Amino acid sequence: MSQYEHTCMIRGDGGRTIRAVLDRICDKWTLLIVTTLERGHLRFTDLQRQIPGISQRMLTLTLRNLERDGLVSRTAYAEVPPRVEYALTPPGQSLIPPALALAGWAIEHIADIEASRAAYEQRTG
């Protein structure tokens, strides 16, 4: 038995719960939204402006899922025009250190990964 084999069995559901959580927090848009919200409360349009390449639909879906999972709070203000702000909850804030560690790992290894990709492309055509 490998030393990590037990990790997917922790909850007794064959790892479904852990996979669902990891699917959410390891999504590229989730990590970008969480790290962007580290600076504080932001409106939807500010988030969209600060995250290059994210569509309005993907931002909406990801924020909705993060709110459902308790990682992001949504505050609607009764103003004209309506104003909605998003912020990290304490569990969302606790995601910052591992997200930054993962980003740091990617930065540290990007040259090796790109070289490996180029070598693979040469081998496989």
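All figures in this text were calculated on a predicted structure; none of them were measured in a lab.
Residue Leu37 comes nearest to Tyr86 through the heavy atom pair CD2-O, 3.4 Å, listed as atom of the first residue, atom of the second, then distance. Closest non-hydrogen pair, Gln93 versus Pro97, comes out as O-CD, 3.7 Å. Considering all non-hydrogen atoms of both residues, Arg24 and Leu66 come closest at CD-CD2, 4.0 Å. Between Tyr77 and Glu85, the shortest heavy-atom distance links the atoms OH-OE1, 3.4 Å. Taking every heavy atom of both residues into account, Pro82 and Arg43 meet most closely at O-NH2, 3.8 Å. A pairwise comparison of heavy atoms in Leu88 and Val34 identifies CD1-O, 3.6 Å as the closest pair.
Both Leu100 and Val72 are part of a single hydrophobic cluster, where members link through side-chain heavy atoms under 4.5 Å apart. Both Val84 and Ile54 are assigned to one and the same hydrophobic cluster, defined by single-linkage of ILVMFWY side chains at heavy-atom distances under 4.5 Å. Cluster annotation: Leu31 and Leu59 are assigned to distinct hydrophobic clusters (Ile/Leu/Val/Met/Phe/Trp/Tyr, side-chain heavy-atom contacts under 4.5 Å, transitive).
Within 6.0 Å of the CD atom in Gln122, the count of heavy atoms belonging to other residues, nucleotides or ligands does not exceed 12. Residue His41 qualifies as open at atom NE2: its count of foreign heavy atoms under 6.0 Å is 12 or below. Heavy atoms of other residues, nucleotides or ligands lying less than 6.0 angstrom from CZ of Arg83 number more than 12.
No donor-acceptor distance shorter than 3.5 angstrom exists from the side chain of Thr36 to the backbone of Leu47, with no hydrogens or angles considered. Looking at Thr35, its side chain does come within 3.5 Å of a backbone N or O of Leu32 through a donor-acceptor pair. Under a 3.5 Å cut-off, the side chain of Ser116 and the backbone N or O of Asp112 do not form any donor-acceptor pair.
For the atom pair CE (Met58) and CD1 (Ile33), the distance works out to 9.5 Å, reported to the nearest 0.5 Å. Summarising the geometry, atom NZ belonging to Lys28 is positioned 10.0 Å from atom OG1 belonging to Thr62; distances are rounded to the nearest 0.5 Å. Annotation: the span from Leu63 atom CG to Phe44 atom CZ amounts to 6.5 Å, rounded to 0.5 Å.
Side-chain atoms of Ile25 and Leu71, non-hydrogen and from C-beta on, do get closer than 4.5 Å to each other.
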